[in-house]
Amino acid sequence: MIRKENFSIGVLTSGGDSPGMNACIRAVTRSAISNGWKVYGIYRGYEGLINDDIRPLTTESVSNTIQRGGTILKTSRSKDFMTAEGRKKAYDNLCSHGIDALIVIGGNGSLTGAQQFASEYDVPIIGLPGTIDNDLYGTDSTIGYDSALNTIVECVDKIRDTASSHNRIFFVEVMGRDAGFLAQNSAIAAGAEAAIIPEDQTDVDQLAQFIGRGVRKSKNSSIVIVSEAQKDGVGGAMYYADRVRNEYPDYDVRVTILGYLQRGGKPSAFDRILASRLGYASIEALKEGQRNVMIGIANDEIVYVPITRAVKKDKPIDRELISVLSVLSI
Ligand code: F6P
């Protein structure tokens, strides 16, 4: 149990910004301060740690931020932190500010960096899952995923107006890198006709399967949500749209790539609550002496997952979701 009076923590956001990161920074800051700890904001992720862009945070620093998307601490994908020299500078800067522990809010790459750092230097690190991709093992949801999902569904509802007015097939490409959580669940929530996700890649040609189901015979338009994962060097939506144009020229095809629209915007209430719970739990975890764990939520309970386990890129997608979509989209 940590009881040090003048304990100091640093908090940073890293990798892609996600809605709810500010709510999480706020929760970390205020929970730490309520224990009498000092809090440092580290700006631009690991870049700021290496370049000493580190400033104290107060309760006021995080006022009026819970509702804002993006990250007030700014973020980066740091190449320098991938080098031993960069990590040494980062460690020296932590020491010069007297920072005793680090809270890293980010996705897979950011937590992998945290793990590497923790294996080289004696710094307790707590990881908090901040990414719209929802691809970290051990947590049911990551901060930002629910907001992005809601944004996608809102956009697809609008696209459907045009799809049905013109009898068109729309391929809507969504983010998620090589994970299909956003694609699969937005397809269910928006009533799409199909989702094409990396986790469901088999020898079966997903396009032929979709066309073969005769969707166009019973419906006059269709929406297919495609994960952004690249196929033959192009994004999923372009790849499948080009194939339809070549192989099924009778169909009128359009593509919408939602891009950064889906990463920005206000966090949903779900994400604000998740971020607040996880941020608060990160300080409780440090008090318990936890280190090098990611804090997640499983079945509505706070869980500690070794960072090494969280970043293995093997979070399974519930196969039942695939059945739900295919049955409900007939
Ligand atoms: O990890 C979040 C994410 O938005 C992915 O879904 C996407 O592939 C990637 O970041 C894009 O990263 P960047 O904005 O650095 O190009």
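Bear in mind the structure is a predicted one, so any value in this text is a computation, not a measurement. Atoms within each ligand, like the ligands themselves, are counted from 1 in listed order.
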So is Lys315 actually on top of Phe181's ring, under 6.0 Å and inside 45° of the axis?
yes

Would Arg168 count as a cation-pi partner of Tyr251, with NZ or CZ less than 6.0 Å from the six-membered ring centre and within 45° of the ring normal?
no

Between Asp205 and Arg243, is the closest basic N to carboxylate O distance under 4.0 Å?
yes

Is any side-chain heavy atom of Gln116 closer than 4.5 Å to one of Thr112?
no

Quick check: do Ile103 and Leu286 have side-chain heavy atoms less than 4.5 Å from each other?
yes

Of the protein's non-hydrogen atoms, which lies at the shortest distance from [atom], and what is that distance?
| atom | answer |
| --- | --- |
| atom 15 (O) of ligand 1 | Arg77 NE, 2.6 Å |
| atom 1 (O) of ligand 1 | Asp133 OD2, 2.7 Å |
| atom 4 (O) of ligand 1 | Arg263 NH1, 2.9 Å |

Hey, which atoms in ligand 1 end up nearer than 4.0 Å to a heavy atom of Tyr260?
13 (P), 14 (O), 16 (O)

Could you pull out, from Arg177, Met175, Glu228, the option with a heavy atom nearest to atom 8 (O) of ligand 1?
Glu228

Looking only at heavy atoms of Gly176, does any of them come nearer than 4.0 Å to an atom of ligand 1?
yes

